[in-house]
Amino acid sequence: MTKDRVPVTVLTGFLGAGKTTLLNHILTAHHGKRIAVIENEFGEVGVDQDLVIQSEEEIFEMNNGCICCTVRGDLIRILGNLMKRRDRFDYILIETTGMADPGPVAQTFFMDDEIQRSTRLDGIVTVVDARHVHQHWASHEVQEQIAFADVILLNKLDLVSTEEVEELEASIRRMNPTAKFHRTTKSIVDMDKILNVGGFSLDRVLEIEPKFMEPEYPFVWGGVYQLSAGLHEVVLPDRTKSAIQVAILSAPSADENGLLAAGKDGVAVFSGPEKRVLPGDRLTASKDPYRLEMLPGEARFSLAVADDTAVAILSGSNLGKIGVQVLSNGLAIVPSASRGFHHSHTHSDVNAVGITLPGDMHLKKLNEWMSELLQTRGPDIYRMKGVLSIKGDPKRFVFQGVHMLFDGQPGRPWGSDARTNKLVFIGRNLNRAELEAGFRRCLS
């Protein structure tokens, strides 16, 4: 069974540690290995596809969420689709966002039966930024990424002294004495040291996190409603989010146990492709999640029920606090059971700002704005990356930055592609309006 299961490597590390650089090394090194790559970005604008060197490998990208949070269902769906083309690759590599807790990602390979039959978690590789990791040492993400690692790459050795590296490795070994350590510059490492290493140990992880095998759900609230056959309404008040993801299921019973059973089934539903619906559209029990699009004002969706039954509504947003109503003949139905589904991983005050603007950038204005921004907000900007269209330059300008360090280089020619600018900031308490206004002033 082990021989037929595809080995999966999870690549993790805090923002700017060098994961994408490592990925480029893997995709271009002459190792003869066929690798399917799954990428995850923290933010609604995806730029990693432009940062990754073009290759013959299959690359799948997930945006608008952290892989250990809102898009975990996407991971299950992509893995399932990948296995239909099993003959085209030998390994799967998952590059997580720098804000990911590797625990829930690893848990996927033990909690989903289909994924467990077809894949095996080979190892968790954590890239550590030897220059900047001390600035984030106390963060939950850094602690979890190091604790769960089977292999640790101490990266950016060219930016620190030997004494600093020795001290850092000693500190990390106290947190994770069983991991294998490799020291790297620009994330260059022998492939055999990170792929197919057979390093992941469930027993060791259970020592770190005794609740590892307890399920974490890709939704945060659920309610069970006893409904008669016919047409009902789901009503969301004004000023909710622009879109809410929900699953509609026929629950086995109308009590707390029924809600918990529906919650387990809901994980599979949230793994399916979203069905986009607008206010006024019809909802039914579905094998795929709905994306309820919000318009100004109260949003009403019809809910069709074939038989008298209990219906469970599961949501990625806390509908209990928002104030969802299920109406039957104009009367509100009180849920027979409702609860929040605990999600232990949050990103506190860290947020992502993604900006997309068509046109060309004025190089001098861009340099002046970026220089001022890094001087005034550098400590709060954990990570930035982007693809820019510079006036008069036929090639994309691709850049990455960590705090006040900045690196840019020419990318692929624009050719017939529309020239546009994508910029992503990830940091603490970032102001979207302020950043977008400054970026717009750089247009030529």
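In terms of the side chain to side chain donor-acceptor pair (under 3.5 Å) criterion, E434 has no residue partners (sequence neighbours excluded). Every residue two or more places apart in sequence or in another chain that forms a side chain to side chain contact (heavy atoms under 4.5 Å, CB included) with A247 is listed here: L249, V269, F270, L314. The side chain to side chain donor-acceptor pair (under 3.5 Å) search around D360 returns S389, R419, not counting sequence neighbours. Residues satisfying the ring pair (Phe, Tyr, Trp, His ring centres under 6.0 Å) test with F439, not counting sequence neighbours, are W369. Every salt bridge (Lys or Arg N to Asp or Glu O under 4.0 Å) that D90 has, sequence neighbours left out, goes to R34. For K180, there are no side chain to side chain donor-acceptor pair (under 3.5 Å) partners two or more places apart in sequence or in a different chain. In this structure, the side chain to side chain contact (heavy atoms under 4.5 Å, CB included) partners of S253, at least two apart in sequence or on a different chain, are D255. Remark: V8 engages I92, I94, F109, T119 in a side chain to side chain contact (heavy atoms under 4.5 Å, CB included) (not counting sequence neighbours). For D417, the side chain to side chain donor-acceptor pair (under 3.5 Å) partners are R396, not counting sequence neighbours. When the salt bridge (Lys or Arg N to Asp or Glu O under 4.0 Å) test is applied to E436, the partners found at least two apart in sequence or on another chain are R440. Not counting sequence neighbours, the partners of S371 by the side chain to side chain contact (heavy atoms under 4.5 Å, CB included) test are Q375.
Among the candidates V133, V189, V127, the single residue satisfying the side-chain contact (heavy atoms from CB on, under 4.5 Å) test with N155 is V127.
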Using atom types as modelled, flag every donor-acceptor pair under 3.5 Å from a side chain in residues 224-236 to any protein atom, sequence neighbours excluded.
from	atom 1	to	atom 2	distance (Å)
H232	ND1	S328	OG	3.2
H232	NE2	S228	O	2.7
E233	OE1	R300	NH1	2.8

